[in-house]
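Reviewing the structure listed below.
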Amino acid sequence: MPTITLPDGSQRTFDAPITTGGVAADIGAGLAKAALGARVDGILVGLDHLIDSDAEVAIITPPRGKDPCSDDALRLIRHSAAHVMAEAVQAVYPDAMLVYGPPVENGFYYDIALPEGVSISTDDFERIELHMNEIIKADRPFTRCDMDLSSGMKRLQGEGSKYKIDNAERAIDGGAETLSWYTTGTPDENWDDLCGGPHVPSTGHIGAAKVMTVAASYWHGDASSDHLTRLYGTAFPDKKRLASHLEQLEEARKRDHRVIGRKLGLFKIDDMVGQGLVLWTPAGAIVRQELQDFISAELTRQGYQQVFTPHIGKLELFRTSGHFPYYQDSQYPPIVDPDAMSMLVEEGCNCADLSNKLQEGDLDGYLLKSMNCPMHIRIYTSEPRSYRDLPVRLAEFGTVYRYEQSGELGGMLRVRGFTQDDAHIFCTETQLQDEMSGCLELVQIIFQTLGIESFDIRVGLRDPDSAKYVGDPSNWDRAEVACKAAADTLGTPWKAETGEAAFYGPKIDFIVKDAIGRSWQLGTVQVDYNLPERFDLSYVGSDNTTHRPIMIHRAPFGSLERFIGFLIEHFAGAFPTWLAPEQVRVLPVSEKSAEYASTVHAALVESGRRTTLDDSNERLQSRIRIAAERRIPYLLIVGPRDAEAGTVSVRVRGIERDLGATPLNDFVEALNAEVSGRRDCVVKQLFPSADQNHDSASEAAPESVPGP
RNA sequence: GCCACCGUAGCUCAGUGGUAGAGCACACCCUUGGUAAGGGUGAGGUCACGAGUUCAACUCUCGUCGGUGGCUCCA
């Protein structure tokens, strides 16, 4: 006699066990027809799920009208579509072995083991989709079949797929009591797959599916294991939603920092210079310099001291820090002294010998620094330190080089040479908490000033089972407690993740998403008990004995490359006035106003603004268009009327119409206030009508980045 | 590094086994125009690079380099 409680609180009692589909039918025939699945006591199930005791039940349906599709509905549809795609792939490649096919954030994938020499190319997508669409059109029911563990395993062994056997073993390890198969259609007649479910009732409920992309993957994510082909697809309840998803992807690509970076001349990555090495062009250099100035002022306020250190250092330095040879694979090779090199050549020394000598320390060389900490540590040790000196806070915009795998590089978000807004704090145990809070405050100031509202905070802890971490476990425990406590002071929820710590200590990271939905770490604060040991750091305490300081590594931007790459996408190129490479452009209506225009321009230059005068031989409309595409915050259009009255006619980015004339001095004053306050609204206040008829669609909406 | 795709003018892209085309940008001329493209003329390419097949390769094949999306990695 199960009693079912529905989401609205209403209850229905049945005198026998009933399926979720039965519950839906009991509520209404229309609902039963539309239903995709259900949640029973919070667990996602299919419509064939039998309820035999009291339960809370929510029926999952496709969205109505323009409502957004629920995550549950998408999950059911996409997992089902993964089966349909797998069947289609096996129709096209009969020898393909299936591995694993889950729904993911924006669709689903299926990992496939293809026979030697066979590959799926994008040209095959159409054929695969053709099969998929046939299966969807046939509206075949998903039929579940359970087998007890031993006969299920026997069946799998008979079929001979080590991948499916592995999946079954994992399911059993996870507590599965039976093994289940889902047939897409009639059992023993149609295609089936080992699967825990749930699925939509029939393939027809997958409204629209598409194969998106193909990539390589590794079995169990292990590069030394089998190499698999991962086919990505996506699915939606209807064609319209699929189309709008594809459209959103297209839109997101338009705000890709690589696209905007080129359009606005912000940076260039040049083949001839090298992969992952950024050239900061003049406009981008301004943005970078402004950000540096901004954070520098905060650092001064917080008692940091600025230092400069070289780009290379002796191997011995990095041996002591432990970075060499531990991270050798991701470093540019060492630079060897020319005389030593010639001697080695005379001795007939080969590459392997050279590498050995470098590793053993028989030969010294220099390494491009991949981090600044060893250098800052040597500044710390350059004089004796007393507890009265602590905390010592050494800051540097330090450029480091890491030889990242070529396939990992991308625009400014992952590069091989980058500048960290780095600092190292040397402090006592009792100062640790406050210092960490100070570091987190810096990140918050940055995010607030730039209007970055959607980010995740991750506290990276060590994985106790991994050998990757160095140092004393009790130190680790203290450091992890300190990190969590500091994260608590943020007043924003954070997530602890084991295995995400640096090898020398736990950390707090700030994670954001780029235009196409990928996650990137920006700011970071890391506690380190390890390097102070390795470098034997000390200070003299009030008890006149030596003590070991603790180090904090922190970079609130992370790196200027990645941060600005992200920022370009965040603002879609429409930087706030204080960051904008060009803040205001003066456009004379015609040559007749050229003289007044240059007076206006000169006044802006005089007040320290970044400005240009566009008196080119183009029509006004054309010059406005060019300036608007450059995302310049303010355009001053001046003609005879303005010259007469001493005014400027203002056009504001994002409003895109004439807001009317204002005295030049008022404009300059407001603009200066806006820039010096790092605000984005002072000039607008001159124009009470600015917020009316605001065409908001044309202004960048930073937080409404559509996901893929 | 692995898999797939891509590489034609500064940019965005057409194109064909018989030595190349558009739009924008650029230069010059006309136009002096009050809020998102005025008109004309011109210049600009070893079709990423190297090898092979062919009478002939930008086009087909292989390799290299570079890019993109994933995977793995990310001190």
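On a predicted model such as this, the values are computed, not experimentally measured, just so you know. Just so it is clear: chains get the letters A, B, ... in the order the sequence lines come, proteins before strands, and each one is counted from 1.
Residue side chain A/R230 does not reach the base of B/C3 through any donor-acceptor N/O pair under 3.5 Å, judged by distance alone. Contact of A/Y218 with B/G70 (side chain to base): no donor-acceptor pair of N or O atoms is detected under 3.5 Å. A donor N or O paired with an acceptor N or O is found under 3.5 Å between the base of B/A36 and the side-chain atoms of A/R651.
When heavy atoms are screened at a 4.0 angstrom cut-off, A/Q521 is found touching no nucleic acid atom at all. Among the protein residues, A/D222 comes within range of no part of the nucleic acid, since none of its heavy atoms lies under 4.0 Å from any strand. At a threshold of 4.0 angstrom between heavy atoms, the contacts of A/Y327 include nucleobase atoms, whether or not backbone atoms are also involved. When heavy atoms are screened at a 4.0 angstrom cut-off, A/G639 is found touching base atoms of the nucleic acid. Among the atoms of the strands shown, base atoms are found under 4.0 Å from some heavy atom of A/S590. The residue A/G265 sits apart from the nucleic acid: no heavy atom pair falls under 4.0 Å. In this structure, A/R414 reaches the bases: a heavy-atom distance under 4.0 Å links it to at least one base atom across the strands shown. A/Y326 comes within contact range of no nucleotide atom at all, as no heavy-atom separation falls under 4.0 Å. Among the protein residues, A/A628 comes within range of the nucleic acid bases, having at least one heavy atom under 4.0 Å from a base atom. Nucleic acid contact class of A/S321 (heavy atoms, under 4.0 Å, all strands): none. Here A/L587 lies out of heavy-atom contact (under 4.0 Å) with every strand. In this structure, A/L409 reaches the sugar-phosphate backbone alone: every heavy-atom distance under 4.0 Å involves primed, P, OP1 or OP2 atoms, never a base. Within the nucleic acid shown, A/T122 comes within 4.0 Å of sugar-phosphate atoms alone, with no base atom in reach, counting heavy atoms only. At a threshold of 4.0 angstrom between heavy atoms, the contacts of A/T229 with the nucleic acid are absent.
The side chain of A/R262 has B/U12 as its nearest neighbour among B/U12, B/U35, B/U32. Considering only the side chain of A/D658, B/U35 comes nearest among B/U35, B/G34, B/A4. Nearest to the side-chain atoms of A/T213 among the listed nucleotides B/A36, B/G69, B/A75 stands B/G69. Nearest to the side-chain atoms of A/S649 among the listed nucleotides B/G69, B/U35, B/A75 stands B/U35.
With hydrogens and angles left out, the side-chain atoms of A/D422 and A/H376 include no donor and acceptor closer than 3.5 Å.
Rounded to whole Å, the separation between the C1' atoms of B/G42 and B/C49 comes to 31 Å. For B/G10 and B/C26, the C1' atoms lie 8 Å apart once the distance is rounded to whole Å. Between B/G44 and B/C5, the two P atoms lie 37 Å apart (nearest whole Å).
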Derivation of the side-chain hydrogen bond (donor to acceptor under 3.5 Å, both in side chains) call for A/S649 and A/D642: CA-CA 7 Å; A/S649 297; A/D642 296 292; 3.2 Å; yes
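A/E129 places a side-chain N or O within 3.5 Å of a backbone atom of A/V211 that can act as its donor or acceptor partner.
Along RNA chain B, the nucleotide nearest A/S622 and the nucleotide nearest A/R641 are compared for position; the residue whose nucleotide lies closer to the 5' end is A/R641.
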If a pair means Watson-Crick or G-U wobble with both distances below 3.5 Å, what does RNA chain B look like in dot-bracket form, with | marking bases paired to a different strand? (((((((..((((....[..)))).(((((.......))))).....(((((..]....))))))))))))....
